[in-house]
Amino acid sequence: MPDTRTLLIDAVRRALDAIGVDAAFEVVVERSARPEFGDWSTPVALGLARILHRAPAAIAADLAAHLEAAQVPRVRAWTVTPPGYINAHLDDARWAAAVLASATVLEASGTLDLESAAAGKTLVEHTATNPNKAAHIGHLRNACIGDTVARVLRRTGHVVEVNNYIDDTGVQVADVVVGIRELGIEQMPDEPFDQYCSRVYIAISARYETDAALLERRRAVLREVEEGGNATAVFVKDLARRIVNAHLVTMRRFDIAYDLLTWESDIIGLGFWRQAFELLRESGAIVLAESGKLAGCWVMPAETAEDDSDDDTKVLVKSDGIATYTAKDIAYQLWKFGLLGRDFNYVPWGDDPALVTTATVPRGDAPPAHFGHAQRVINVIDARQAYPQRVVQRALRRLHHEREADNSIHLSYEVVALTPAAAAELGIEIEEGRDSVALSGRRGIEVRADDLLDRAIARLSANARDAATATVVAAGAVRYYLLKFSLNQIIAFDFDDALRVTGDTGVYLQYAHARAAGILRKVADDALPVDVPSALHPAERELLHSVEAYARALTETAHALSPSLLTTYAFGLAAAFSDFYEHTPAIVREEDPVIRRFRRGLVAATRATLADALHTLGMAAPDQV
RNA sequence: GGCCCCGUAGCUCAGUGGAUAGAGCAGAGGUUUCCUAAACCUUGUGCGCAGGUUCGAUUCCUGCCGGGGCUACCA
């Protein structure tokens, strides 16, 4: 059943047809600015005034007459207000009943086919934290965005595959290897492995400044890793596996999971890059630079012949023969679309039955391969990597994969930075004149994801009914905090904001859900048909509008790939419910059976909708807190 | 220099080509014989500046100012 807004847009469209307005004229219908105007309003008459050479109010009156005559379902009356708005006043009995019925369906159905099923699979790559250190809140922002986007897409009927890319042949892992070998730093008793590696990473990064010879050691490590089949490669693989396991445990605490772990070393080991290199070379997409500062490198030249500045020339193979990260990413992107003509080997990861990892060597218990071959690829990567992502897209275009290039989405988001207050709390000096400092694992400027969650749990434990509740509410609170900012807004991280338990927080949403669930526990469902009372309380109207808006909020979130749209919606729904809760009499003591039944139904619809929104955001919807 | 992002209330942020631009926090003051007060209510002279497009611009365009990022044989 269409929602009221869609119904009204169609009705206005037909009224416009009736007075001969071009079908291309855009119909806007929005919530009325003030309740006394109505429930929904359209400004179409304003825009038509010039086209029709008539006063807006006169056009509005004509249209209102047509709408009145059309007997639009769920609409009780049409009015016109200056300077020419047309307002719909809803027939509460029919509208409210429809909203409650839809929300009940929502609860019953497993998936919500809101998108007319874009054919094919969407592959979402997220997290992709370098396996050389503990995950911090910057990595967690990435994971929360990616995980939520995947959930939203699945909820709206898409087929989704989630990859977590493991960059185990890159510079950052090599740094830790050099650090462990050269600096003699020991793991402390009780020190988690990922935190130990973070410590080594910070130490070796500082040492490079004074000991350039160490950089040569790093080059040697990288070469051995790329060649494979030696002790260093085995050492790195083991180190990376241990870090990846730590990352998976961390992310699991936030209910973040993956379908497939893809290893950069397999892209090298299985010849993906070799294959991609040949394709790129044969097509002329990359060339060997023979002179200049890039002599000896295989590079992808600039976008256009005119713009041949070095600025836009990207090195894919360094003069020492080692492929850059971007090069391997091109091979990976080709694989994601099924364009490489090669596939990974797949083996289960540990004892998690739902998680598969790529492997260089096949194994007997390999799960059936159903990975890759995506229609659309979404790479969740921070805004600083926009340039290399453009190079990946450009590579697809140069190989004449236009459609796949168009369907390669860099889902860019801004970084997390520390406010001066947060930096001070961590004992980090902030540069004079700056109002924030960027996170940096390399420099130890960070808030570890696990530490933040532990602090949130500690903060919530005092008021939660038990430890398990505190844990899920804390995880939800941290997720909500990292999701509520627009993607292109830098998060100015502040401990007070992130750990707050009142106001616009995940805790508020979960508390509202628990309140609704509490009412449903105490007010029995008499299973009789729900009638709508003759007069709705303003808070009831707002809550009904908010419940009804869920489907649209979901589809808009899916289209924009922007989780903050959904957090904003969910907060609005929870606030509307709190307002209803505070400003209408307690249902448990309601004597009138019609009102009691209706208001219980409204609470049930709210709870179901809020639970659905919370789950789609990757948050728990506890019945009690 | 080129490209990208940001600039809305004291602070952190939503928001929209339409009728009086919203939240949270911080500050002040209130609400509990009542379904969980992690709540609710009261308290607010704010869209960086200047042009342009438009019936209508905080929203779109151009320029400028301020801040951040990218522009590596790192990722």
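Every chain is numbered from 1 and lettered A, B, ... according to where its sequence line falls, protein lines coming before strand lines.
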**Asked** For A:Thr169, which contact category applies under a 4.0 Å heavy-atom criterion: base, sugar-phosphate, or nothing?
**Response** nothing
**Asked** Does the base of B:rC73 carry an N or O that pairs as donor and acceptor with the side chain of A:Ser319 under 3.5 Å?
**Response** yes
**Message:** Defining pairs by Watson-Crick or G-U wobble geometry with both distances under 3.5 Å, how would you list the stems of RNA chain B with at least three pairs each?
**Reply:** B:1-7 with B:65-71, B:10-13 with B:22-25, B:27-31 with B:39-43, B:48-52 with B:60-64
**Short side-chain N/O contact to B:rU71 OP1/OP2 from A:Arg384, under 4.0 Å** = no
**Prompt:** Of A:Pro388 and A:Val625, whose closest RNA chain B nucleotide lies nearer the 5' terminus?
**Reply:** A:Val625
**Prompt:** For B:rA19, does OP1 or OP2 lie under 4.0 Å from any side-chain N or O of A:Ser41?
**Reply:** no
**Asked** Under the side chain to side chain contact (heavy atoms under 4.5 Å, CB included) criterion, do A:Arg31 and A:Glu542 qualify, and how do the steps go?
**Response** CA-CA 11 Å; A:Arg31 286 295 310 289; A:Glu542 277 314 302; 3.0 Å; yes
**Prompt:** Does B:rA23 have OP1 or OP2 sitting under 4.0 Å from an N or O in the side chain of A:Tyr569?
**Reply:** no
**Charged tip of A:Arg218 within 45° of A:Tyr208 ring normal and under 6.0 Å** = yes
**Message:** So A:Thr79 and A:Ile86, do their side chains get closer than 4.5 Å, heavy atoms only?
**Reply:** no
**Message:** So is the aromatic ring of A:Phe571 stacked onto the base of B:rA23, judging by whether the centres are under 5.5 Å apart and the planes are under 30° apart?
**Reply:** no
**Asked** Should A:Lys318 be listed as having a side-chain N or O under 4.0 Å from OP1 or OP2 of B:rC74?
**Response** yes
Between protein and nucleic acid, restricted to nucleotides 9-14 of chain B and to nitrogen or oxygen atoms under 3.5 Å apart, what atom pairs and distances do you find?
residue : atom : partner  : partner atom : Å
B:rC13  : OP1  : A:Ile490 : O            : 3.2
B:rC13  : OP1  : A:Ala492 : N            : 3.3
B:rA14  : OP1  : A:Ser486 : N            : 2.6
B:rA14  : OP1  : A:Ser486 : OG           : 2.6
B:rA14  : OP2  : A:Gln489 : NE2          : 2.9

**Request:** For the residue pair A:Tyr569 and A:Thr557, confirm or rule out a side-chain donor-acceptor distance under 3.5 Å.
**Result:** no
